[in-house]
Every structure is written in C-alpha cells, then in structure tokens.
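Data first, discussion second: the structure below is written as structure tokens.
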Amino acid sequence: MPIPALWAVTGFAATRTHKLTPGQKAANRVLAIGRAPVEHGFAHLKNWRILTKLRTDPARATHLPRALLVLTNLEVNR
C-alpha cells in the first residue's frame with residue numbers, strides 16, 4: 001500500500017514591502033477558521049496530558065493520532 005502524499009497548507013505572509021492582496025487575506029481568514037478548532041482541541045489534549053503518553057510509549061503512536069484525527073474532524077464538521 002503506497003503512502004499517501006502529505007500536504008501542509010500554510011497561509012500567506014506579508015512583509016513591510018509586500019502587502020497582502022484582498023484575495024490572500026481572504027485565504028488566510030478561511031485557513032484560520034478551519035485551524036482554530038483544531039488548535040483548541042490540541043490545547044485541551046495538552047492540558048489533559050494525553051499527548052505525554054505518545055512521547056513515552058511508541059506503541060501508541062498509531063492509535064492515538066488516529067483517535068485525535070477523528071476528534072478534530074468531528075469538531076471541524078460540527
């Protein structure tokens with residue numbers, strides 16, 4: 001089974017000399033709307049110390065991220 005390609009979607013960055021266009025600002029806004037619930041979910045998991053189990057036990061490295069992915073997808077689709 002081939003490994004699927006992984007993509008990281010990043011926003012547009014502005015500099016002093018290069019201002020963002022309205023389309024780039026809108027794209028950043030859409031990305032932030034989708035990212036916020038996921039970031040909040042990971043913050044809760046860090047507070048509950050769930051992610052520390054992943055650092056100590058490599059055997060859990062398959063089941064725990066899958067469960068986290070399901071939870072974050074449920075939160076985003078809610």
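The structure displayed is predicted, hence computed values, not measured ones.
- Nearest heavy atoms, Lys19 versus Gln24: O-OE1, 4.3 Å.
- Atom OG1 of Thr10 is separated from atom CG of Asn28 by 9.0 Å, given to the nearest 0.5 angstrom.
- Between Leu20 and Ala14 the shortest heavy-atom distance is CG-CB, 3.7 Å.
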